[in-house]
Amino acid sequence: MTLDGTKFVNWIRRANRRIQENKDYLSELDRAIGDGDHGINMARGFAEAAQRLTGSADQDLGALCQQVAMALLSKVGGASGPLFGTAFLKMAGVWKGKDHASVHELSLALREAVNGIKMRGKAELGDKTMVDVWEPVSRFVAEKAEHLSWRELCVFAEEQMDKTKPLQAKKGRAAYLGPRSSGHLDPGAVSSFFLFEALCETMEESGGDR
Amino acid sequence: MTLDGTKFVNWIRRANRRIQENKDYLSELDRAIGDGDHGINMARGFAEAAQRLTGSADQDLGALCQQVAMALLSKVGGASGPLFGTAFLKMAGVWKGKDHASVHELSLALREAVNGIKMRGKAELGDKTMVDVWEPVSRFVAEKAEHLSWRELCVFAEEQMDKTKPLQAKKGRAAYLGPRSSGHLDPGAVSSFFLFEALCETMEESGGDR
Amino acid sequence: MMKKLINHPENVVQEMIEGMVHAHPQRLKRVPGTNVLVRRDAPVRGKVALISGGGSGHEPSHAGYVGAGMLDGAVLGEVFTSPTPDQILEGIHAVNSGKGVLLIIKNYTGDIMNFEMAAELAEAEGIEVKKIVVNDDVAVEDSTYTTGRRGIAGTVFVHKIAGALAEKGASLEEVHRVAEKVVKQVRSMGMAMTPCTVPAAGRPSFEIGEHEMEIGIGIHGEPGTERSRLASADDIASKLVAHVLDDLKPAPGDKAAVMINGLGATPLMELYIIHKKVSEILAEKNIQVIDTFVGEYMTSLEMAGCSVTLLKLDDELTELLNAPADTIAWKK
Amino acid sequence: MMKKLINHPENVVQEMIEGMVHAHPQRLKRVPGTNVLVRRDAPVRGKVALISGGGSGHEPSHAGYVGAGMLDGAVLGEVFTSPTPDQILEGIHAVNSGKGVLLIIKNYTGDIMNFEMAAELAEAEGIEVKKIVVNDDVAVEDSTYTTGRRGIAGTVFVHKIAGALAEKGASLEEVHRVAEKVVKQVRSMGMAMTPCTVPAAGRPSFEIGEHEMEIGIGIHGEPGTERSRLASADDIASKLVAHVLDDLKPAPGDKAAVMINGLGATPLMELYIIHKKVSEILAEKNIQVIDTFVGEYMTSLEMAGCSVTLLKLDDELTELLNAPADTIAWKK
Ligand SMILES: Nc1ncnc2c1ncn2[C@@H]1O[C@H](COP(=O)(O)OP(=O)(O)O)[C@@H](O)[C@H]1O
Ligand SMILES: Nc1ncnc2c1ncn2[C@@H]1O[C@H](COP(=O)(O)OP(=O)(O)O)[C@@H](O)[C@H]1O
Ligand SMILES: [Mg+2]
Ligand SMILES: [Mg+2]
Ligand SMILES: [Mg+2]
Ligand SMILES: [Mg+2]
């Protein structure tokens, strides 16, 4: 049930594979209501993150998280770079010096990550951004605590992602479209779902459900 | 059989109608081996020429010709402007002070026109230019003299036009295409044919064949 | 679908930078290992330094404005993607001469966040940094519930005017103040007839009908705020100017500078046709046009379209707009 | 099919001229009732006058180069159509100050004939006139059996260098001599990926496949000398430069100026990517590049493509190229 360095690395590598596979899909989503680069940006950043971790012998979750943060911050660019970067930076702060994280410690890290994303991007729940996945996911993990089912979390995350579709964007590039932004998934919500899906699959694979 | 001021004006107006009707066709021909403006150029110039003549009470063939020349010179532009302009300028010189022109006088005017075109454009027969219509037509008129049939002249002019198709251009914009210029009619040869066709029809209409 | 003079879609920014440095060695140098281009003589002693930047694909923005009287440095992101904080920080290091650095940022979430993080890092090192956010695009609603208006072609006037004041030796506060004044007095609006293709994406940014146009377009190939039937140049010019005037509300007799900016594929001929109408409307409204700029200043790859920018001028701004500048894309 | 910012296809040149005059009243004036644009201060006393011209659609050529140190006047024809002799004659009248007039003509049958007729008319009035015919396009065979090479972007170097000498007060003979020297030492070659649409024609100048390009293209939307599969920027640059070098045959150590000219729709980014390779090849051949010009100098409406021009420099040409110029599109 606990996250350790190896699982963390597996998580990020799995997330990277998922993002590479869906690079065009993410850009396609961004083309509809943004500028069409979200897949390109995420693919560039996660490739770098996965690559940096691959060589790393580190088992400190804080240090690993920090590496991911720096990779994303220096490679993604755009809006998603500082946001995903800040998320991992904040998680790194919580996990500093730890080589294991319980579900409780995961929920603490996610809470900080969500605070970081909201502080940086000034978006609220319902603004049709990645916050619409991160914030509910963070709450779900905190509420379920030791009863968390990874499979349920994955389904839940996907539902949150789907809920961005009807919304009208209030932050990010899609906000410029006004009412025309409704009826499309938010690209950053989708990539965030991929990240959590990869986490759930990694945890499930290694530990079984619960 | 003789050309007078009224017939001259009818000729130019008929030529103008024919060119307006075929404006797109001429540009289309020019698009294939030139820059696609021959119809636009000729339509602009002949509209002006026809309009200037419409008001004119002049019966002096030289003066009428001069008006056409100036209209073409100042409105057509491109390669065809100075060439058609020069042709009418030279004809004006031959017909100065005349209010009638016999077939013989027509052939003298055409000879000067051909010389003018060749002097200005430095093209020879077979270079795939308007010369390939003007020069044979001028010779045909001179040879047939009083036996000239307008219907035959028209057919002859069309044949000369058609003969430009297989040729490789040696002068004008089409020359830049090298071998790629073969297989297309020369636009200036086609507009020249329209001019002579209008002459033949005008003369036939007014005087019957011969 | 994509017809471009490129080698590898992922290398376009790198190769462009190399081409620029080869073409303009007297003007530009590249900060080694970065996508930052700075004045040949950077850092310039005793001068506040100006940095602009953003995604690539807006050329000549921003590296075309690096030079005496305008920018000290430009930080180049991937195509239409804000540069990252580490790159911006490198730029700050390369131009800072101790008198402080002004960051000129176009109002996009990505640019704001990346530049903010860089500014925080620089400040942590004790470097004095100020930011100016340009938001001239009146196509976008400006309210506290939105991200506010975008920054588009009007940004170039900020480079010019703040750059001229910095060149005179003014303090960071002064340079920031005049930049703020420009931002307050500059408004733009754009339109496009065709989308553009980000090389790495390989396909057009949107689909549009043969007889349609997008009004209220930004500079990232994104759809505009409104799609409508393609209209005449006069109608388009009238619409763009009307929106700009509505927002800027100049008084009769006011002085202004005008910029008719091409988005990439629109011939200069068409920009002048637009300008004909724009200048007629301004004359009617009795706006005194002091200077006019027609050309490509802030592009969106190979989009066909244009934007119209109006900058209200007072004596200070007029003088600074007219001050010397020696850059690739703006010489005075 | 045709998406343009225009009002009526037949009025584009008129409206463009009005837009230009509105935009640049300090620089340009229109000779009343004509399509001739001349320097604000024309005729300039004691100076040989330079006139260039041709069809419109090549903006900023040629009116963009009217001003101190370059042209005295530009005669604008319809789109891609040589201006007529009467217009050229009006231009000659407007700029002639008694020291003679140089006509700069690109080598096209139409331009040659119209300018020749104008020159004959001017000479008949006792005005001293000389002509220089620019034929820099190496894509076209130059032999006595053909109309010879076309004049393309290299023409701008003739404007600049002959204009600089005229500004110094040189005689018509001298100005003509240096223009001839430029013509002897300048070579260009172009390519395009898309056709362009003449407004009055309303349809593209040629059809081309999605993966094809035309090599050896002129500036009138005409097909090139060869159609082939679209290649990489490096391959295209190599091919264009190879043809230019083959013809110009510079020796190692020779000095040169380079122009990478965009045809209209090609982003500056791509021109710099082309330049990267061009400058690498020239460095390999040990050609010393003294000055580089990357941008739109001689366009072909909204064609996507570019041309590469090389001008071999000696001390005289270098000095004149560097001399001051103050025009809309070329400031030095
Ligand atoms: N202010 C914000 N707060 C939270 N997320 C945001 C904000 N602005 C944008 N995003 C997220 O970023 C995504 C877009 O990222 P990306 O396309 O990579 O950057 P850019 O918008 O700069 O092109 C959006 O789909 C949205 O989820
Ligand atoms: N040197 C020449 N001598 C005679 N006719 C010529 C010459 N050059 C071009 N032409 C004629 O002019 C025609 C093209 O005219 P046009 O398209 O109006 O001008 P441009 O070639 O300047 O666009 C050609 O089809 C050809 O018949
Ligand atoms: Mg995006
Ligand atoms: Mg033609
Ligand atoms: Mg982006
Ligand atoms: Mg033509």
Side-chain angles (χ1 to χ4, degrees), chain A residues 23-24 26-28 30-45 47-48 69-86 89 116-117 119-124 126-127 129-130 168-181 184 188, chain C residues 9-10 35 54-55 57 76-89 108-118 121 137 139-141 143-150 195-207 216-227 300:
Chain A
K23 181 176 163 180
D24 289 348
L26 290 172
S27 291
E28 193 57 46
D30 196 30
R31 191 173 296 118
I33 56 170
D35 58 352
D37 61 356
H38 188 60
I40 305 169
N41 295 344
M42 294 296 285
R44 189 171 53 234
E48 176 78 11
M70 294 317 292
L72 299 180
L73 274 179
S74 69
K75 288 290 164 184
V76 178
S80 46
L83 292 168
F84 279 103
T86 300
L89 216 51
I117 291 174
M119 178 270 297
R120 193 48 73 209
K122 301 184 181 65
E124 291 299 327
D127 285 356
T129 70
M130 61 177 73
Q168 177 173 332
K170 297 225 182 64
K171 283 280 179 283
R173 244 175 245 288
Y176 302 134
L177 284 183
R180 283 173 81 180
S181 62
H184 302 272
Chain C
E10 310 77 39
N35 292 350
L76 287 72
E78 288 301 316
V79 177
F80 292 169
T81 301
S82 164
T84 55
D86 53 317
Q87 296 280 312
I88 301 166
L89 186 61
Y108 298 100
T109 314
D111 291 72
I112 299 276
M113 293 190 295
N114 285 288
F115 275 86
E116 256 175 13
M117 292 186 83
L121 294 167
D137 185 0
V140 170
E141 203 197 339
S143 89
T144 43
Y145 303 105
T146 66
T147 42
R149 297 191 312 235
R150 295 175 290 214
C196 58
T197 302
V198 173
R203 19 182 317 187
S205 53
F206 55 78
E207 308 275 314
I217 201 93
I219 50 170
H220 298 90
E222 63 274 62
T225 49
E226 180 197 331
R227 179 169 291 195
S300 185

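Every chain is numbered from 1 and lettered A, B, ... according to where its sequence line falls, protein lines coming before strand lines.
When all heavy atoms of D35(A) and H220(C) are compared, the pair lying nearest together is CB-O, 3.6 Å. Scanning both residues, Y176(A) and V140(C), for their nearest heavy atoms gives CD2-CG1, 3.5 Å. The minimum heavy-atom distance between M113(C) and A79(A), with the atom names listed, is CE-O, 3.1 Å. Of all heavy-atom pairs between A201(C) and G36(A), the closest is CB-O, 4.4 Å.
Residues K171(A) and T109(C) have side chains not in contact (no heavy-atom distance under 4.5 Å, counting atoms from C-beta outward). By the 4.5 Å heavy-atom criterion applied to side chains, E78(C) and N41(A) are not counted as neighbours.
Rounding to the nearest 0.5 Å gives a distance of 9.5 Å between CZ of F80(C) and CG of D37(A). For the atom pair Q87(C) CD and K75(A) NZ, the distance stands at 7.5 Å (nearest 0.5 Å).
Using a 4.5 Å cut-off between heavy atoms, L73(A) touches chain C through backbone and side chain atoms alike. Proximity to chain C is absent for every atom of K23(A), based on heavy atoms less than 4.5 angstrom apart. Both the backbone and the side chain of S74(A) come within less than 4.5 Å of a heavy atom of chain C. Contacts between N114(C) and chain A at a heavy-atom distance below 4.5 Å involve backbone atoms as well as side-chain atoms. There is no contact between A169(A) and chain C, counting heavy-atom distances below 4.5 Å. Heavy-atom distances place no part of E10(C) under 4.5 Å from chain A, backbone and side chain included.
Legend: residues meeting salt bridge (Lys or Arg N to Asp or Glu O under 4.0 Å) with E28(A), ordered by chain and number and at least two apart, are R31(A), R203(C). With sequence neighbours left out, D127(A) forms a side-chain hydrogen bond (donor to acceptor under 3.5 Å, both in side chains) with no residue at all.
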Item to complete: Check the pair D86(C), M70(A) against side chain to side chain contact (heavy atoms under 4.5 Å, CB included), reporting the backbone distance first and the verdict last.
Response: CA-CA 9 Å; D86(C) 53 317; M70(A) 294 317 292; over 6 Å; no
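The closest donor-acceptor contact from the side chain of R150(C) to the backbone of R173(A) lies at 3.5 Å or more, if one exists at all.
Contact count against chain A (heavy-atom pairs under 4.5 Å) is highest for A200(C) among G221(C), A200(C), G54(C).
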